[in-house]
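Worksheet: the structure to be examined is printed underneath.
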Amino acid sequence: MRRSSTKKTGQPASAVSLNSSASDLFRSASSKATSKELERIDQLFSTYADGSSGLIDPEGIEALCSDMEVDHTDVRILMVAWKMRAERQGYFTVDEWRRGLKSLRADTVSKLKKALPELEKEVRRPSNFVDFHAYSFRYCLTEEKQKSIDIESICELLDLVLGSLYRAQVDYFVEYLKTQTDYKVINMDQWMGFLRFCNEISFPDFSNYNPELAWPLILDNFVEWMREKQG
Amino acid sequence: MVVNKIDLEQGWEIMQKGIMKLKNILEGLPETGISSEEYMTLYTTVYNMCTQKPPHDYSQQLYDKYRESLEEYLISTVLPSLKEKHDEFMLRELVKRRANYNTMVESLSNWFSYMDRSIVQRHSLQPLKEVGLTCFCKLVYQELKVKVRDAVISLIDREREGEQIDRALLKNILDIFVEIGTEEMDYYENDFEEALLKDSATYYSSKASGWISDEDFSPDYMLKAEECLKQEKDRISRYLLSSSVPKLLEKVQHVLWSVYANQLLEKEHSGYHGLLADDKVEILSRMLRVFSEVPIFLDTLANTFKQHVTYEGIALVNKEDAAGGTADEKVVGLHKQVFVRELIELHDKYVAFVSERFQNQKLFHKALKEALEALCNKGVGGSSIAELLATFCDNILKKRSSERLSDKAIEETLEKVVTLLAYISDKDLFAEFYRKKLARRLLFDKSANDDHERSILTKLKQQCGGQFTSKMEGMVSYGFDVSQGNQTSFEEYLSSNPNANPGIDLTVTVLTTGFWPSYKSFDLNLPAEMVKCVEVFREFYQTKTKHRKLTWIYSLGTCNIIGKFEQKTVDLIVTPYQASALLLFNSSDKLSYSEIMTQLNLTDDDVVRLLHSLSCAKYKILNKEPNTKSIASTDHFEFNFKFTDKMRRIKIPLPPVDEKKKVIEDVDKDRRYAIDASIVRIMKSRKVLGHQQLVMECVEQLGRMFKPDFKAIKKRIEDLITRDYLERDKDNPNLFRYLA
């Protein structure tokens, strides 16, 4: 087999594969997707997309998830959406798809699946996590001009996004949210406040919590409730 | 004339002669005074010696010799004479010797004064007179200061014991202490004053212990304490420096206090509270005079006073709570009147206390204010004091008041109510209750006297600001005048449109929403006759203004109904609600509760109230089946043909719904707007502000009307964030930014 310089056209298949895998490696290393990759990404998109709308809809996402062997309620799907900067919950546009898969360097389902652990690590980095946390809230705002999320959904979202990081705080806060009657919805400010709360406040003694600072009122009430519980 | 060179020895001999002569004069030895020729010689000698060309310029040597002379004089003459004397004699000698020495320095520095202008300046040396002072200080003062001090203090103590002492001498000695320090008071304070204070403390401490007696508060002690303080002040003002006087008096007060304090607190039944009793007025004032500079006494007394007022206030509240147990509204109402009166009396009593017994001191004003504020913000028998005050005013201002007061008494009482208002933090609650009751008074023509109404508003305006009273003023001034105009045009309209006439005399009062309180309007189903009235007026009003909407408030209206009873016709004055119910019986003989409710389209509460007023109260216009005392939803009603009364016309009152809940709701709503507005106003001007500061400024801004709760403010801030008026700073969550 001649080892010729890389020229894409007119090469025997085996040579092509050898050479293109070399060039793939070369190109991945320099983080530029080849047009072949882009083609495969687009192809993948069309396998899951709905023909008439040109978008991947909830059904398509479910199919994708089952192919990846990941539950569609798994937080890692949300992370993928974050990577894509997907705007609408349950839907991926072709641009979003391309953006996400390109940056994950995945053009097949198996590569996408393999990219998940690294993605998780990336999201969990403190500088990214705040952004992810905010993103996950926005992602759930499905109606136009919607600014807050009902308690039920928030509890689920809390579990999904923060459950693995702050199990105890999430469990108690969820319990509180379900028992209190002051608030029927949670807004972005309160959502972000809770993350800050988990990061900064010592749990479960709350020794460094000062209600005279600008903590959202719902957290003041939560701390009071916890203290009463602890007796 | 040729000036010959003078050499040092020569020149100094001349000076020495002069110095010797001076010394002798000072010792009282027979000598002639220093003549002016001699003076001239001395001066010129110095001058020459200093102006000769080097190496014959003897300035430095002369300067040194000048000092040496002074030192020599002090060591050989002054000091020994002082050392051999003691106590008062030493002091006298010191004064004498000091004076002599001053003369010596004065003279010598005159003779040598050329040096002040030459070498002293050239080499920045100490001027001559200062040298004199320094020598004296070093050689005499430092040597003797302790002895002198002790001698002075012992004299002062002797005077305290009643001996006559030479005050002038003391003053002179103390002047020396001051003089030594020139500008600084260090010497005086460190070498003398400190020791004096200490000694005085000891002196009075042991003296005062002897005065304590067994009597409550030891009045003898206080008498003696006051007397001794007075005398001490009188004495020391004559010779001590004015700066020392207050320090010493304060010290003495403290000493007198510490001896006394134990005795005060040991007794069980006395203690501070006992001081407030009426029979202790004299001793209290004495204590306030004697211990005027003892903070611990004043603070504790103020605290006791505060507790005392609080205690009495709470007793009043408890009394009222207990009395409120009865169901009879009238009795309860009366009790509440009494409570307010008693509260006013309590206030007046303790204000007098502060001005008369506590010499109007700020500390006690503050204590009283705190006690009253805590008291006035309590609830009494389910109502806030704000509400009780509003009801109290209503009772005084309405016609047929149970109070029956003269005009002057009314004015005074209203004045006192307004004064009490200052202690209430929820002033807006008072305002709303007051406004509601004012509306009833004005609309039902129950106000006794327009002048009183206006006068209290003026007082409220002075106390709480224009914003507080603007709506009420609107009600009193404009509420009616405009309406009168309306009524006249309405009547003209009717006369020019005869087919529009509803067939019933109709008077409508149109209220401007802004001024008047808000009322719940119900969709009462009016009887046909009244419906026509409403329509006619509406049409008329349309001709006047197209841009206004009329909302009818039937609960505030009055109807005159002609009741054709068997015996005679009686005019019934009722509310539209009652009228609507009664008119139903024009077309039905008997109606059930539910039928009435459906036909009138009212709630159970309203139906029960209104049927009760017509069938279970004083005038039974309707017969109820079964004939029980209260209304049940299974009851049936019938027109009572047999009803009669000796009067031709009777009024059937419909007691108003308890406004309390609605008022509190309205006030809460207004507060939310007020807090919002305040936050936005503050943020608009500051642009960026920290949370705690924002809260603080908000509380301050709103303080005139009410005391906003921190949580409420927080909630409003969060709401404003959601509505995009503010945002949290990205880096500092405790900081807010205004979003234009």
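As a basis for the values below, the full set of heavy atoms in this structure was taken, side chains included, without hydrogen atoms, waters or symmetry mates.
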Members of residues 183-203 of chain A whose heavy atoms come closer than 4.5 Å to chain B: Y183(A), N187(A), D189(A), Q190(A), R196(A)
Note, P216(A) side chain near K715(B) side chain (heavy atom, < 4.5 Å): no
Within a strict 4.5 Å, meaning less than it, do heavy atoms of the K147(A) and D724(B) side chains meet? yes
For the CD1 atom on I296(B), are there more than 12 heavy atoms of other groups (residues, nucleotides or ligands in this structure) within a distance under 6.0 Å? no
R85(A) atom CZ, neighbour heavy-atom count above 12 within 6.0 Å: no
Can you tell me if K369(B) has over 12 outside heavy atoms packed within less than 6.0 Å of its NZ? no
Do other residues, nucleotides or ligands put more than 12 heavy atoms under 6.0 Å from the CZ atom of R167(A)? yes
Q467(B) atom CD, over 12 foreign heavy atoms within 6.0 Å: no
Taking 4.5 Å as the heavy-atom cut-off, does anything in residues 676-704 of chain B contact chain A, and if so which residues? H691(B), Q692(B)
Flag yes if more than 12 heavy atoms outside E59(A) fall under 6.0 Å of its CD atom; otherwise flag no. no
Heavy-atom pairs under 4.5 Å with chain A are the metric here; pick the option from T722(B), L735(B), I721(B), N734(B) that has the most. N734(B)
Evaluate whether atom NZ of K711(B) has more than 12 neighbouring non-hydrogen atoms of other residues, nucleotides or ligands under 6.0 angstrom away. yes
To the nearest 0.5 Å, tell me how far K714(B) NZ sits from D220(A) CG. 3.0 Å
Atom CG of N208(A) with >12 non-hydrogen neighbours under 6.0 angstrom: yes
Would you name the heavy atoms of P733(B) and A214(A) that are closest together and state the gap between them? O-CB, 3.6 Å
